[in-house]
Amino acid sequence: MNLGKVVGTVVSTRKEPVLDGIRFLLVRLVDTEGKETSSFVVAADAMGAGPGELVLTAAGSSARQTTMTQNKPVDNVIMAIVDTWEVDGKTKYTK
Amino acid sequence: MNLGKVVGTVVSTRKEPVLDGIRFLLVRLVDTEGKETSSFVVAADAMGAGPGELVLTAAGSSARQTTMTQNKPVDNVIMAIVDTWEVDGKTKYTK
Amino acid sequence: MNLGKVVGTVVSTRKEPVLDGIRFLLVRLVDTEGKETSSFVVAADAMGAGPGELVLTAAGSSARQTTMTQNKPVDNVIMAIVDTWEVDGKTKYTK
Amino acid sequence: MNLGKVVGTVVSTRKEPVLDGIRFLLVRLVDTEGKETSSFVVAADAMGAGPGELVLTAAGSSARQTTMTQNKPVDNVIMAIVDTWEVDGKTKYTK
Amino acid sequence: MNLGKVVGTVVSTRKEPVLDGIRFLLVRLVDTEGKETSSFVVAADAMGAGPGELVLTAAGSSARQTTMTQNKPVDNVIMAIVDTWEVDGKTKYTK
């Protein structure tokens, strides 16, 4: 999974019909210190994530293993909201 | 998903027979500001996307989850035309 | 899909038995101008592609969606020979 | 598979229900000398790996081929704890 | 597929039970001239490859399409030993 921060929203009305009702969020990847990188993904939001929240995203066929995304042309999904993480025993982020 | 801009077309007459009728578009990836990068993909067009349009593309097995691409040797598909997106509360693109 | 140029052949006699009869080609990726990059893949040739031809390659599980590669340990396949492509209305390559 | 070192833990209470009970670990990738790189993944822990342990991680749909991760939105899993590895006949790491 | 050279072995006793008996090899990727790069993968050895041999590796779900790796948490497999390859009509490697 990737660790990222929700920084925006992508809106599309013309899309594959099965995608109706799915929210697409812009997730900027962060490093282990929580610092934003220049990489980002657009992910389906299976969690009701809000702006600024740190999340985990799953890619590839694993992105279709949620009730919301099953059998849909979606290759990235937010499947968890992060509460906290630590590296080498030090807390790097707390919600 | 990746965020990209349709910049061209790839034409092929000699191809896997199941690919007949599928249009292949050149999609240049853009950053969160909408600026074109040097990366690009060739994607099957499930949406009737036109030149200059901003689109979302899904890769891998997820690219086969549209009616047009099912069970076909296609690893990238345009599954949505983007209307608008915003980052940190600021609109970065409007169609 | 990736856009690439067939530049060579890889020969292997000791391989998974199901791979017998499949030709493996060296495909160097090109940029949107048709200029060769330093990246390359080894792809199963489902099209009878010849040296110097520009091709499309599909990766991952999509590489197994041709008659030749089905259920085989192959993660890249040439599924189309390119006739021509254009970017921003300008033809960049014609066979 | 990737070779990595367990350096931290990611905690999430709000997540896809099927992920309850799965521990997510921060795994920093290492080079063939065992030196940590700047790349990392968040992986489901199928092995009960501890901090500082060197592990192998499997990505993509292969990450769902363990009893713990089957059919779950997880794209990276720790499926082995490394005892030792050698390169060019020289031992680079021993647990 | 990737073109690589077997440079080492990874040993693990604590692993997913279904992985018992599978040998994990360190494969350093090479360029089209056969020169080793800094990239490497750890691959399941379906071929009985030896140190120094040039091999082809398949990644993702395709890595599970050998008898040895089927349904197992393995995302990279050696599925062929390379005898020779040529680029632009010149032989770059002969076993």
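Just the heavy atoms: all of them, side chains too, but no hydrogens, waters or symmetry mates, feed the values below. First the proteins, then the strands, lettered A, B, ... as listed; each starts at 1.
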Atom CE of C:Met47 and atom OG1 of C:Thr57: how far apart are they, to the nearest 0.5 Å?
13.0 Å
Please step through side chain to side chain contact (heavy atoms under 4.5 Å, CB included) for the pair E:Met1 and E:Ser62, ending with a clear verdict.
CA-CA 10 Å; E:Met1 276 66 63; E:Ser62 299; over 6 Å; no
Does C:Gly60 offer a backbone N or O that forms a donor-acceptor pair with the side chain of C:Asp75 under 3.5 Å?
no
Between E:Ala63 and chain C, with a heavy-atom cut-off of 4.5 Å, which part of the residue counts as in contact: side chain, backbone, both or neither?
neither
E:Gly50 backbone acceptor or donor facing E:Glu53 side chain under 3.5 Å
yes
Any side-chain to backbone donor/acceptor pair from C:Thr66 onto C:Thr69? Under 3.5 Å, distance only.
yes
By number, which residues in residues 5-37 of chain E have some heavy atom less than 4.5 Å away from chain C?
E:Val30, E:Asp31, E:Thr32
Taking 4.5 Å as the heavy-atom cut-off, does anything in residues 76-95 of chain C contact chain E, and if so which residues?
C:Asn76
